[in-house]
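For reference, the structure is listed below as structure tokens.
Both backbone and side-chain heavy atoms feed into the values below; hydrogens, waters and symmetry mates do not. All values derive from a computational prediction rather than experimental measurement. Start at 1 and go down the list; that is how both ligands and their atoms are numbered.
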Amino acid sequence: MLRNKKIVLLVTASIAAYKAAVLVRLLIKEGAQVKVILTPQAKDFITPLTLSTLSKNPVLSEFTRGNSGEWNNHVELGLWADVMLVAPASANTIAKMAYGLCDNLALAVYLSAKCPVIIAPAMDLDMYRHPATLANLSTLKKYGNQIIASNYGELASGLVGEGRMAEPEEIRDFVSTYFSKNLPLAGKTALVTAGPTYEAIDAVRFLGNNSSGKMGIAIAEALANQGAQVHLVIGPSALKTENPSIKRTDVVSAEDMWKASESLFKQADIAVLSAAVADFKPKSVQTKKIKKASGFNSIELVETVDILASLGKLKKKHQILVGFALETDNEIENAKLKIKKKNLDFIVLNSLNDKGAGFKHDTNKITIIDAQNKIQKFELKSKQEVAQDIVTKIKAYFKK
Ligand code: CTP
């Protein structure tokens with residue numbers, strides 16, 4: 001959820017500032033870009049060097065840089081951020097934020113920000129309970145800021161009570177949930193099929209194809225990045241998936257893929273079938289290895305279940321069904337026929353005639369054709385970018 005998200009982290013003068021180091025590490029690990037701003041007093045609690053090393057960005061604290069007279073542009077920083085985090089937020093900074101004071105760079109960035117602001121207070125229990133602090137927090141909430149309530153526990157003073165900053169993991173999860181709830185496909189469920197299928201001939205041999213699963217995994221990632229809960233049903237593939245919003249079911253044959261997909265489709269709002277499913281399988285499978293000496297030289301084949309066409313028959317009005325077509329001749333016409341035959345909302349056509357497109361490559365070149373016969377041709381792009389183009393098309397159906 002946090003991949004490529006731009007986060008400005010304001011760290012203020014509280015002993016919990018030491019936890020900012022862990023927080024930065026967790027955010028970076030999730031793929032976020034983090035820029036840290038320290039209030040001048042926060043530097044007594046944690047060094048800029050620690051946070052710049054972890055965030056891989058310079059840490060700012062003052063309005064100007066050294067004696068050069070160069071300005072640290074707080075407006076630019078405020079506009080750069082997708083989200084601003086204030087963690088730890090001291091009683092002093094919370095009060096200043098509530099009153100719109102601006103006597104340091106961190107506060108100037110806060111006042112310039114157009115993005116959502118999430119505040120994690122940290123202070124001693126009496127300061128936290130003080131009517132002035134409670135009133136300031138309530139003012140900040142009224143201004144649209146989000147507050148991550150402090151935890152109950154042992155405080156730096158030795159007292160036990162409320163005021164302990166939420167743990168870095170809780171803050172990371174809060175930010176992550178915030179993004180997922182506000183994403184265009186939040187609340188939607190998607191089924192993606194990917195990879196090849198293997199159809200057994202005997203105990204050791206199979207019919208398969210060159211699909212790596214890369215395109216399908218990129219689609220699953222792109223859907224998850226837009227907030228969808230994704231279920232990926234994937235044939236034999238060496239590739240891994242690590243996104244927690246993607247549930248993965250590994251299958252082998254077309255029959256397995258169909259069994260896994262049929263029930264998942266009933267709950268899905270979106271289904272993208274990118275798997276290179278074998279169209280035929282051996283009529284019978286030998287349980288033992290077939291010996292050369294047996295004179296075996298032909299395999300009788302029968303058709304596999306067409307998963308896409310079968311889901312097309314089950315499809316309800318609210319569901320978006322997307323298929324792929326891999327063609328070599330009469331590409332557009334064949335793809336259009338597949339839209340009708342399989343009851344699709346749109347089809348993603350890739351041609352083996354295009355250099356860099358198709359199996360095993362990191363790139364693909366697609367044409368999207370929809371049920372209204374609208375045709376969109378795309379350049380050769382990375383499979384991640386292609387996946388984003390497909391997901392942009394999917395998102396448009398939910399805007400209608
Ligand atoms: N597909 C499927 N089940 C199959 C075969 C294909 O779900 N048994 C899906 C693929 O995942 C893809 C689409 O159907 O989304 C198109 O596959 P393709 O092989 O191009 O088309 P076919 O319908 O098999 O037709 P043909 O081989 O004649 O081009």
So the ring-ring contact (aromatic ring centres under 6.0 Å, His included) pairs with at least one residue in residues 204-226 (sequence neighbours excluded) are Tyr198-Phe206
Pairwise, report which nitrogen or oxygen atoms of ligand 1 are under 3.5 angstrom from protein nitrogen or oxygen atoms, and how far apart they are.
from: ligand 1; atom 1: 3 (N); to: Ile307; atom 2: N; distance (Å): 3.0
from: ligand 1; atom 1: 7 (O); to: Ile307; atom 2: N; distance (Å): 3.4
from: ligand 1; atom 1: 7 (O); to: Leu308; atom 2: N; distance (Å): 2.8
from: ligand 1; atom 1: 8 (N); to: Thr304; atom 2: OG1; distance (Å): 3.3
from: ligand 1; atom 1: 8 (N); to: Val305; atom 2: O; distance (Å): 2.9
from: ligand 1; atom 1: 11 (O); to: Leu273; atom 2: O; distance (Å): 3.3
from: ligand 1; atom 1: 11 (O); to: Ala275; atom 2: O; distance (Å): 2.6
from: ligand 1; atom 1: 14 (O); to: Lys342; atom 2: NZ; distance (Å): 3.2
from: ligand 1; atom 1: 15 (O); to: Leu273; atom 2: O; distance (Å): 2.6
from: ligand 1; atom 1: 15 (O); to: Phe324; atom 2: N; distance (Å): 2.8
from: ligand 1; atom 1: 15 (O); to: Phe324; atom 2: O; distance (Å): 3.3
from: ligand 1; atom 1: 20 (O); to: Leu326; atom 2: N; distance (Å): 3.4
from: ligand 1; atom 1: 20 (O); to: Lys338; atom 2: NZ; distance (Å): 2.8
from: ligand 1; atom 1: 21 (O); to: Lys338; atom 2: NZ; distance (Å): 2.9
from: ligand 1; atom 1: 23 (O); to: Lys342; atom 2: NZ; distance (Å): 2.5
from: ligand 1; atom 1: 24 (O); to: Asp279; atom 2: OD1; distance (Å): 3.0
from: ligand 1; atom 1: 24 (O); to: Asp279; atom 2: OD2; distance (Å): 3.3
from: ligand 1; atom 1: 27 (O); to: Asp279; atom 2: OD2; distance (Å): 3.2
from: ligand 1; atom 1: 29 (O); to: Lys338; atom 2: NZ; distance (Å): 2.9

Lys188-Gln229 side chain donor-acceptor pair, cut-off 3.5 Å:
no
My understanding is that only one of Asn104, Val86, Leu107, Leu77 makes a side chain to side chain contact (heavy atoms under 4.5 Å, CB included) with Ile37; could you say which?
Leu77
With ILVMFWY side chains joined below 4.5 Å, transitively, what does Ile307's cluster contain besides itself?
Leu191, Val233, Val251, Met257, Trp258, Leu264, Phe265, Leu273, Val277, Val305, Leu308, Leu311, Leu314, Leu321, Ile332, Ile339, Leu344, Ile347, Leu349, Ile369, Ile375
Apart from Val160 itself, what residues make up its hydrophobic cluster, given side-chain heavy atom links below 4.5 Å?
Tyr152
Between Lys5 and Phe179, is NZ or CZ placed under 6.0 angstrom from the six-membered ring centre and within 45° of the ring axis?
yes
